[in-house]
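The sequence lines fix the lettering, A, B, ..., with proteins before strands; numbering per chain opens at 1. Basis for what follows: all heavy atoms, side chains included, without hydrogens, waters or symmetry-related copies.
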Amino acid sequence: MSKHSALNTFGRSGNPAFTRNFTNTNSAPISLTERMTLDGAVNKTAILLALCFGGAFLGWNIPALTIPGLIIGTILAFITIFRNPSKAGSTAPFYAAFEGMALGGITMFAETAYPGIGIQAIGLTFGILASLLFCYKSGIIKPTENFRLMIFSATMGIALLYLVSFVMSFFGSGIGFIHSNGLFGIGFSLFVVGIAALNLVLDFDFIEEGAAQGLPKYMEWYGAFSLMVTLVWLYMEILRLLMKLRSR
Amino acid sequence: MNTFFFSLLIIFSLFILMKLGKIRASSKQTQRNDRINWFNSKESKDHQDLDGSKNIEGKPEEINEKSL
C-alpha cells in the first residue's frame, strides 16, 4: 500500500476532528472579513478554555455531574466531528463546558487521593502546549505527511487498545499493563502522553494552514475545537501518568 | 511552593498561547515543499510536482520518433 493510498483510506490526521475533507465546494468567493484568521482561532480557543474552566469549577463542587458531563461531552464531540463544520460554533462551546464538568469531577477524585496532583497536571498540560507552540512557530518541529500518518496510526492504535480494554472490563477482564503502576504501565502512559502532545503540532499546522488558505470564518471554531479535544486528552493522560507515579 | 510554581507555569503558558498563537509561523515552517496538504489545494500539488515526489502509476512507454 503506497503512502498516499494509505492516507486516502485511513484519513489524513491523527485527530479524528481532522479526518474530513474541507475542500471548499462553494464557488462564491469569501470576503476578507469572513475568512479564518490566527487571531480569531486563538480567541475562540481562549473562549473554549474559559468555558472548560467554568465547567470544571462546577464539576469540582458537584461531583455528581462528572458522568453526565463525560457522556454529553463525548456525544457533542462526535456531533461536532461528523456534522457540517460550519455548525461547530454552536456545539464546541457546549462540548468545552460539559467536558470541563467531567474533568473537574475527575480531578477532584484524583486530588482527594493524591493532594496537589491537579495543579501539576494542568501546569504540565499548558507547559507542553506552550513549548510545542514555540517549537512549531519557530520551525524546530516540521510536520510532514509521513509525520501525520505516523501520529494517526499511533492514535488509532491507542484508541483501539482502550476500546478493547473497555469492552473486556464488562467481562471482568482487562489489559492489565495499561492501568498498572509498574515500569511497563508507566512507559505506556509516557508513550500515550507523547502521541497526544504530538497531535497538538497537527492542530497548530491545521490552524496555520487554514488561516493562510483563507478558509471560511466558522473554521476558527473548528480549529479551536480540535485543539480542545487534544488538550482534554493530553490532560487526562498526564493525570493518569502522575497518579501511576504517585501510587508507587 | 508546588502550587505557586505550577500556577506560574499555567499563567506563563497561557500568555505564550495568546501572544505567540497570533503570530504567523516562521518562513522555515511555512515555505517548505513537504508541508501537509490539509485541504487538497492545487498549490501544494504543484509543490509536489516540482519536488519530483509525485507517483505515476501504470506501465511506462518508450518515447520514440513515431510517438512524437
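- Scanning residues 231-247 of chain A against chain B with a 4.5 Å heavy-atom cutoff picks out nothing at all.
- Atoms CG and CD, on B:N37 and A:Q213 in that order, are 7.5 Å from each other to the nearest 0.5 Å.
- Expressed to the nearest 0.5 Å, how far CD1 of B:I16 lies from CG of A:L133 amounts to 8.0 Å.
- Atoms CZ and CG, on A:F204 and B:L20 in that order, are 9.0 Å from each other to the nearest 0.5 Å.
- Partners of B:I10 according to the side-chain contact (heavy atoms from CB on, under 4.5 Å) rule, which considers only residues two or more places apart in sequence or in another chain, are A:I119, A:I122, A:F126, B:L14.
- Heavy atoms only, all atoms of each residue included: A:L124 and B:F6 are closest at CG-CE2, 4.3 Å.
- Ring geometry, A:F206 versus B:F39: the interplanar angle falls from 30° to 60°, so the pair is classed tilted.
- Side-chain atoms of B:Q29 never come within 3.5 Å of backbone atoms of A:I140 as a donor-acceptor pair (strictly under, hydrogens ignored).
- With respect to B:D34 and A:K142, no salt bridge is recorded, no charged nitrogen being found less than 4.0 Å from a carboxylate O.
- Separating the OG1 atom in A:T144 from the CG atom in B:N33 is a distance of 12.5 Å, to the nearest 0.5 Å.
- To the nearest 0.5 Å, the span separating CD on A:E209 from CD1 on B:I36 amounts to 9.0 Å.
- Looking at A:I128, there are no atoms closer than 4.5 Å to chain B (heavy atoms on both sides), in backbone or side chain.
- For A:S138, the part sitting under 4.5 Å from any heavy atom of chain B is the backbone (N, CA, C, O) and nothing else.
- Scanning for side-chain hydrogen bond (donor to acceptor under 3.5 Å, both in side chains) contacts around A:S86 gives A:N84, with sequence neighbours left out.
- Residue pairs that meet the side chain to side chain donor-acceptor pair (under 3.5 Å) test with at least one member in residues 4-25 of chain B, sequence neighbours left out, are A:N43-B:K22, A:E208-B:R24.
- Using a 4.5 Å cut-off between heavy atoms, B:T30 contacts chain A through its side chain alone, with no backbone atom that close.
- Your options are B:L8, B:I23, B:I11, and the one with the most heavy-atom pairs under 4.5 Å with chain A is B:I23.
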